2 protein chains.
Amino acid sequence: MVRPTMEDVAKRAGVSRALVSLVMRGSPKVSEQRRGAVLRAAEELGYSPHAMARSLASRTSTVLGVMVSDLHNAFFAEVVDGLDAVAREQGFELIINTGGRSPARERRALDSLLSFRPAGLALLSPVVPTAAISNAADHLPIVLVARSSRVSGVDTVNDDGEQGVGLAVDHLVSLGHRDVVHLDGGEGSQSGPRRRGFVNAMAKHGLEPRVVASEYTDAAGARAVQELHRGGRMPTAVISCNDFNAVGAISALEEAGYRVPEDVSVVGYDNTSLAALRHVSLTTVDQPRNEIGRLAAEALLQRVRGERTEPVRHLLHPSLVVRNTTAAPGGPS
Amino acid sequence: MVRPTMEDVAKRAGVSRALVSLVMRGSPKVSEQRRGAVLRAAEELGYSPHAMARSLASRTSTVLGVMVSDLHNAFFAEVVDGLDAVAREQGFELIINTGGRSPARERRALDSLLSFRPAGLALLSPVVPTAAISNAADHLPIVLVARSSRVSGVDTVNDDGEQGVGLAVDHLVSLGHRDVVHLDGGEGSQSGPRRRGFVNAMAKHGLEPRVVASEYTDAAGARAVQELHRGGRMPTAVISCNDFNAVGAISALEEAGYRVPEDVSVVGYDNTSLAALRHVSLTTVDQPRNEIGRLAAEALLQRVRGERTEPVRHLLHPSLVVRNTTAAPGGPS
DNA sequence: CTACAGCATTGGAGCGCTCCAACCAATAGA
DNA sequence: TCTATTGGTTGGAGCGCTCCAATGCTGTAG
């Protein structure tokens with residue numbers, strides 16, 4: 001159970017501990033002969049460096065902390081992929097922690113990450129109060145993903161939800177729709193911009209924007225549609241706040257006897273793997289998730305290297321993915 | 001950017017560094033008066049303990065490493081929830097890393113986790129070679145989840161896939177089905193037991209087990225069904241290797257003009273959130289994911305505390321969740 | 001032959017913490 | 001009164017490493 005240290009390697013190779021340290025860090029000022037001897041000794045002993053001791057001694061860290069608010073959401077998985085790719089390229093590691101969408105748990109997760117003294121911290125859609133974030137930002141670079149916040153000294157990366165829903169509206173209008181309803185995400189983090197995008201885009205086309213309160217779940221989407229049905233004012237198209245909501249809406253529509261997309265078109269948001277399933281084949285708005293992760297990592301690493309102190313606020317362009325849940329109103333049946 | 005140390009807190013509180021250390025660790029042998037002074041000083045300075053220095057000095061760790069092979073799979077999210085709950089209860093933290101289903105990346109992820117010298121390691125469905133695992137197992141406790149392996153000195157937690165598929169077969173047979181096909185997961189980690197469970201259960205009922213090669217994706221499920229259709233020997237029921245495969249199968253069935261469940265019943269495996277969507281409403285086999293995580297954490301912590309050295313091999317009982325994709329053959333239409 | 005680079009190598013201090021033996025009252029027991 | 005005992009507190013060593021100043025060693029120029 002006990003691991004060899006540099007001292008052990010040094011002894012075996014017949015050199016000093018400092019020389020082993022140089023070899024391990026790939027220093028050029030070591031003779032080839034010694035380097036070989038050290039590497040061989042390390043190999044034989046099964047030595048592996050102790051990251052914590054290294055970081056303690058060097059007062060630097062090659063670790064980026066990532067706080068994922070919700071591991072259940074595949075959206076974050078792809079953001080993490082992007083973060084990971086960039087971090088790895090530049091010699092950094094990721095450690096991930098999760099807050100489970102509870103502010104208290106998230107606080108603990110944050111403390112836990114901070115106690116490792118990472119070089120920087122990426123917070124994916126955090127729910128902790130802004131104060132906690134700006135507090136931590138005094139000590140290390142922080143980038144906020146999927147939460148726009150005006151905390152000073154903190155970078156942010158978001159998709160432009162306003163533009164995204166705008167794309168959906170344009171698409172539907174160009175198909176001939178004039179009566180479109182938005183199922184709103186309520187308290188959800190990005191529902192504000194999405195709703196705004198809907199209202200503005202409808203106004204741009206001179207149409208009346210109907211917004212119905214809903215939530216980011218399939219059950220909520222179904223409920224919203226049932227209410228529309230009972231109210232007797234079913235629109236020709238629905239733009240949901242996300243894919244889950246859209247799928248719920250579709251199943252409620254079908255139960256109520258509407259055909260999708262012949263009678264009612266439905267657009268989702270996020271382009272989750274769910275939307276791509278052939279059984280679902282949902283027209284939806286795609287966020288460049290991987291790109292979001294990459295930009296977040298780059299923002300962090302720029303600060304880590306001291307290349308920048310001014311905050312950056314990335315706002316990425318979403319794109320529309322047209323599948324089989326949208327068509328002209330009263331279209332081919 | 002520079003954080004206060006114990007020394008700073010000690011100076012401010014007018015005590016020794018050792019005393020601050022005792023307070024931070026919640027030792028009972030500190031007078032209330034001093035404790036108060038120390039905590040106040042720490043608060044005022046914004047002190048937070050340095051986990052790495054602590055772990056280095058104490059030669060112990062309160063960190064459990066978790067290697068998630070695929071962050072995109074929500075299955076693991078719930079396992080992590082279970083792990084997290086138990087770890088937290090017992091004063092441990094989780095650090096997570098991901099291997100993206102690539103052996104090379106997974107190896108690096110493993111090394112990265114090990115370099116933090118965690119107290120134990122949970123590997124969720126790892127794809128690295130057994131040798132790497134048994135190697136690491138010499139240095140610290142390891143638990144394997146969703147990968148049965150006979151590595152000595154390593155604990156395992158799995159669901160009983162054989163039993164799970166058996167439940168599905170029993171359910172279908174009790175509905176009156178006699179012609180059932182299993183869409184096999186191929187190389188996938190748990191496809192072996194699932195296929196075995198199918199063959200054995202069918203044999204038990206005196207029925208011919210038909211197995212068709214497929215994969216863990218919705219496209220593969222659709223392809224398998226299309227082949228069955230072309231072959232002209234469509235069964236009355238299909239048991240897929242997982243939920244994605246089942247959803248692909250359903251959509252291909254509907255495209256080919258079969259009604260689900262009236263003409264063909266479909267059963268999935270995993271009870272992902274996908275299965276629960278009302279639009280899908282898939283009959284499927286549920287693994288006790290949270291329980292799997294809890295047992296994994298407990299196995300690890302038992303070893304960490306030195307309470308056990310014999311390996312344990314948990315095999316958990318799955319359960320059948322009946323929804324709307326199964327019915328009697330040629331049933332109500 | 002000495003001086004002086006230039007290079008590879010080394011010992012030692014120190015990162016922030018824990019742990020231990022030693023210490024210092026204050027109290028209890030004889 | 002003197003010695004044990006107890007509870008609280010402390011300095012110092014050391015965890016595995018990095019970093020720096022210093023060392024020894026060549027080889028070249030003066």
Side-chain angles (χ1 to χ4, degrees), chain A residues 1-39 41-42 45-63 91 111 114-119 139-140, chain B residues 1-39 41-42 45-63 91 111 114-119 139-140:
Chain A
M1 286 294 236
V2 64
R3 287 187 166 268
T5 74
M6 273 195 174
E7 203 67 55
D8 302 321
V9 176
K11 208 165 291 167
R12 184 170 188 115
V15 298
S16 72
R17 189 194 58 249
L19 209 250
V20 177
S21 171
L22 288 175
V23 172
M24 288 304 154
R25 281 175 290 149
S27 163
K29 37 170 129 187
V30 178
S31 67
E32 276 316 308
Q33 181 198 1
R34 304 271 191 162
R35 182 188 306 282
V38 167
L39 291 176
L45 291 173
Y47 171 79
S48 89
H50 192 311
M52 298 180 139
R54 165 178 295 182
S55 139
L56 183 60
S58 64
R59 268 143 295 177
T60 63
S61 167
T62 58
V63 170
D111 284 342
L114 287 174
S115 75
F116 286 100
R117 300 292 189 269
H139 298 295
L140 81 174
Chain B
M1 285 293 237
V2 61
R3 287 189 166 264
T5 74
M6 273 196 173
E7 203 68 55
D8 302 321
V9 175
K11 208 164 290 167
R12 185 171 187 116
V15 299
S16 73
R17 189 196 58 249
L19 209 249
V20 176
S21 171
L22 289 174
V23 172
M24 287 304 154
R25 282 175 289 148
S27 162
K29 37 171 122 185
V30 178
S31 67
E32 276 317 308
Q33 180 197 1
R34 304 270 192 166
R35 181 188 307 281
V38 167
L39 290 177
L45 291 174
Y47 171 79
S48 89
H50 192 309
M52 298 180 140
R54 164 178 297 181
S55 137
L56 183 60
S58 64
R59 270 142 293 177
T60 62
S61 167
T62 58
V63 170
D111 283 342
L114 287 174
S115 75
F116 287 100
R117 301 289 190 271
H139 298 295
L140 79 176

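This is a predicted model, so every value here is computed, not measured. Proteins come first, then strands; the chains are lettered A, B, ... in the order of their sequence lines, and each starts at number 1. The analysis underlying the following values was restricted to heavy atoms, covering all of them including side chains, and did not include hydrogens, waters or symmetry mates.
- Residues from residues 12-20 of chain A placing a heavy atom under 4.0 Å of any atom in DNA chain C, listed by number, are A:Val15, A:Ser16, A:Arg17, A:Ala18, A:Leu19.
- Put simply, the side chain of B:Leu56 does not reach to within 4.5 Å of the side chain of A:Met52, judged on heavy atoms.
- Contact between B:Leu45 and B:Pro4 at its shortest, heavy atoms only, is O-CG, 3.4 Å.
- Mapping A:Pro4 and B:Gln33 onto DNA chain D via the closest heavy atom, the residue that lands nearer the 5' end is B:Gln33.
- Going from atom OG of A:Ser115 over to atom CZ of B:Arg54 covers 8.5 Å, rounded to the nearest 0.5 Å.
- For A:Arg34 and C:dC7, the CZ to C1' distance is 13 Å, given to the nearest whole Å.
- For residues 4-21 of chain B, the set of pairs meeting the salt bridge (Lys or Arg N to Asp or Glu O under 4.0 Å) definition, not counting sequence neighbours, comprises B:Glu7-B:Arg17, B:Arg12-B:Glu44.
- Note that the first and last nucleotides of DNA chain D, 5' to 3', having any atom under 4.0 angstrom from a heavy atom of chain A are D:dG16 to D:dC19.
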Legend entry - CA sep, side-chain torsions, deciding dist, call: B:Arg117, A:Arg3, side chain to side chain contact (heavy atoms under 4.5 Å, CB included): CA-CA 10 Å; B:Arg117 301 289 190 271; A:Arg3 287 187 166 268; 3.3 Å; yes
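- Atom NZ of B:Lys29 is separated from atom P of C:dC24 by 18 Å (rounded to the nearest Å).
- Not a single ring pair (Phe, Tyr, Trp, His ring centres under 6.0 Å) links A:Tyr47 to another residue, sequence neighbours left out.
- A donor-acceptor pair under 3.5 Å is formed between the side chain of A:Arg59 and the backbone N or O of A:Ala57.
- No side-chain heavy atom of B:Asp111 sits under 4.5 Å from any side-chain heavy atom of A:Ser48.
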Sequence neighbours excluded and cut-off under 3.5 Å, please list the side-chain donor-acceptor pairs for residues 30-38 of chain A, or say none.
| residue | atom | partner | partner atom | Å |
| --- | --- | --- | --- | --- |
| A:Ser31 | OG | A:Arg34 | N | 3.4 |
| A:Arg35 | NH2 | A:Ser27 | O | 2.8 |

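- Rounded to 10°, the angle separating the first-five-pair axis and the last-five-pair axis of the helix from C:dC1-D:dG30 to C:dA30-D:dT1 equals 60°.
- Between B:Thr5 atom OG1 and B:His50 atom NE2 the span is 10.0 Å, to the nearest 0.5 Å.
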